[in-house]
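All values reported here derive from a predicted model rather than from experimental measurement.
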Amino acid sequence: MMAFPDLMPALPEILLGVGALVLLMVGVFRGENSTNVVTGMAVALLICAIGVLVLAPADGATFDGSFIMDGYGRFLKVLVLIGSAVAIAMSVAFARAEKFERFEYPVLIVIATLGMLMMISANDLIAVYLGLELQSLALYVIAAINRDQLRSTEAGLKYFVLGALSSGMLLYGASLVYGFTGHTNFAGIHMVLERDGASLGFVFGLVFMMAGFAFKVSAVPFHMWTPDVYEGAPTPVTAFFAAAPKIAAMGVLMRIVIDAFQPATADWQQIIAFVALASMILGAFAAIGQTNIKRLMAYSSIGHMGFALVGLAAGTETGIQGVLIYLAIYLAMTVGVFACILAMRREDGSMVEEISSLAGLSRTNPVMGTLLALLMFSLAGIPPLGGFFAKYFVFAAAVDAGLYWLAVIGVIASVVGAYYYLRIVKLIFFDEAAGTFKRCRANCA
């Protein structure tokens with residue numbers, strides 16, 4: 001007789017799963033007037049999940065070893081939950097102003113977050129795919145949630161088509177890995193690789209899996225969806241896309257390559273190093289000509305994922321610690337910038353999306369101008385702000401691992417990328433004011 005699995009390690013996921021069903025029922029039975037109630041309940045649910053993770057930790061494996069809870073997973077889950085809760089909170093006034101208040105939005109965020117938490121704790125290729133698809137299916141809908149806007153529906157369609165392609169590549173890679181190792185469990189894959197080495201078929205599977213994950217973290221050469229989706233999706237959705245899903249995808253990628261593929265480090269390290277290099281360079285140069293702040297943040301996100309992958313390319317414990325620090329600081333910087341973008345509306349009530357509109361912000365709104373400038377300095381990696389330490393730790397890990405060339409190119413890319421961040425600071429403080437903004441009250445996001 002099969003024993004009932006210990007559900008305590010998966011308690012936050014169970015909480016979110018049951019909570020999402022309750023939120024859906026509340027929305028369905030209360031109708032259109034339920035948006036504010038469902039939104040408040042969704043934020044409270046995510047905060048409760050954080051409380052469970054922090055106050056009642058239950059480490060261990062369950063579901064026959066397919067699901068694992070440890071300190072690494074707990075840290076990343078807290079980051080994902082914070083990113084999701086803030087994204088929901090930031091959307092309230094925006095949705096009211098843009099007249100697309102829908103109770104489905106917070107429910108979909110909760111479902112996507114559940115998928116992300118499952119990914120982070122996955123200890124089996126099938127569990128990884130289940131979490132990934134649960135997240136992706138919700139994100140496809142969220143991208144196109146403002147269906148009355150052509151840009152939003154176009155963003156959702158692009159994300160769906162390319163996301164389906166990347167999921168297929170990931171699944172094909174996973175099937176090859178299973179075929180040539182005979183295991184889907186990470187421990188079993190690790191054991192076979194340690195005993196027999198990496199076969200040619202396994203390497204093909206590894207490449208396809210890396211391609212699928214590169215799409216999920218917006219890494220070159222699978223970044224093409226990012227600028228269009230970031231620009232087309234509603235701004236709170238863009239803020240969510242830029243934070244939580246990236247952290248979850250990086251979390252599961254690190255767990256797979258360290259726990260399952262560690263004996264084949266020489267094979268995956270080359271792929272990660274190339275992807276990191278290409279992402280840093282493209283993120284630095286492609287953003288220079290951007291005029292839309294959301295597109296600029298898309299290329300910035302690509303570059304920052306490249307920097308984070310530098311720590312993973314090191315393949316050491318120091319490198320993993322560097323990536324975790326980077327993701328925590330990246331979350332704070334990204335959410336902060338999008339909060340500033342959401343908080344700025346012109347006198348006619350329209351959103352501010354063009355970078356030129358930020359001219360003279362320090363004179364029309366000194367607090368907002370100073371805060372946005374500090375965030376830009378941090379994104380550029382200017383000491384002593386958080387962005388500097390984030391880059392320092394990943395570059396130090398690369399140097400310790402002997403990847404001097406990757407660290408040097410990373411520093412050069414960081415210097416080039418500083419140009420477009422500092423250009424925004426120059427606009428804020430030294431250019432003539434382009435216009436005044438609404439003072440943020442109840443009607444302003």
Side-chain angles (χ1 to χ4, degrees), residues 3-26 37-92 106-123 127-128 130-131 134-135 138 239-240 243-252 254-255 259 317 320-321 323-336 339 386 390:
F4 193 73
D6 176 18
L7 298 179
M8 286 307 292
L11 188 57
E13 286 78 4
I14 293 169
L15 180 66
L16 287 189
V18 173
L21 294 176
V22 172
L23 292 176
L24 188 60
M25 290 300 101
V26 171
V37 175
V38 173
T39 301
M41 290 173 67
V43 173
L45 181 64
L46 294 169
I47 293 171
C48 286
I50 294 173
V52 170
L53 281 166
V54 174
L55 302 176
D59 289 1
T62 186
F63 300 114
D64 200 23
S66 296
F67 186 98
I68 189 168
M69 173 62 92
D70 50 17
Y72 165 85
R74 193 179 308 110
F75 177 79
L76 286 171
K77 286 181 181 184
V78 169
L79 292 185
V80 166
L81 288 164
I82 290 171
S84 300
V86 172
I88 294 175
M90 286 197 303
S91 69
V92 176
V107 177
L108 286 165
I109 293 258
V110 170
I111 293 170
T113 306
L114 171 59
M116 292 174 212
L117 300 195
M118 288 174 62
M119 283 166 59
I120 292 169
S121 280
N123 197 40
V128 169
L130 282 173
L134 182 59
Q135 169 208 281
F240 179 60
K246 299 286 179 67
I247 294 169
M250 283 293 294
V252 71
M254 287 191 287
R255 195 184 285 281
D259 288 0
E317 187 178 337
I320 297 299
Q321 290 171 352
V323 177
L324 293 177
I325 293 168
Y326 201 104
L327 292 175
I329 295 171
Y330 168 79
L331 173 66
M333 294 188 298
T334 304
V335 167

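- Residues A249 and V252 share a closest heavy-atom pair of O-CG1, 3.3 Å.
- Rounded to the nearest 0.5 Å, atoms CG (L45) and CD1 (I50) are 10.5 Å apart.
- G65 and N123 get closest at one heavy-atom pair: O-ND2, 3.0 Å.
- S121 places a side-chain N or O within donor-acceptor distance of the main-chain N or O of I68, the cut-off being under 3.5 Å.
- Closest approach of F63 to A10, counting heavy atoms only: CE1-CB, 4.1 Å.
- The distance from the CZ atom of F75 to the CD1 atom of I325 is 7.5 Å, given to the nearest 0.5 Å.
- Contact of the M8 side chain with the T62 side chain is not registered, since no non-hydrogen atoms from C-beta on lie closer than 4.5 Å.
- The side-chain heavy atoms of L15 and C48, taken from C-beta on, include a pair separated by under 4.5 Å.
- You'll find the side chain of L81 reaches within 4.5 Å of the side chain of L16, heavy atoms only.
- The distance from atom CG of L134 to atom OG1 of T113, rounded to the nearest 0.5 Å, is 9.5 Å.
- A distance of 11.0 Å separates CD in Q135 from CE in M118, rounded to the nearest 0.5 Å.
- In this structure, the separation between CG on L327 and CG on L79 is 7.0 Å, given to the nearest 0.5 Å.
- When all heavy atoms are compared, the tightest approach of S66 to A127 is O-CB, 3.7 Å.
- Heavy atoms only, all atoms of each residue included: V110 and A42 are closest at CG2-CB, 4.0 Å.
- Although no hydrogens or angles enter the test, the distance criterion places a donor-acceptor pair under 3.5 Å between the side chain of Y72 and the main chain of G251.
- Among all heavy-atom pairs drawn from I120 and R255, the shortest one is O-NE, 2.8 Å.
- Looking only at side-chain heavy atoms (C-beta outward), M119 and V80 stay at 4.5 Å or farther from each other.
- Between L24 and V38, every side-chain heavy-atom pair lies at or beyond the 4.5 Å cut-off.
- In this structure, CG in L117 is found 12.0 Å from CD1 in I14, a value given to the nearest 0.5 Å.
- Side-chain contact check for Q321 versus L324: every heavy-atom pair is 4.5 Å or farther apart.
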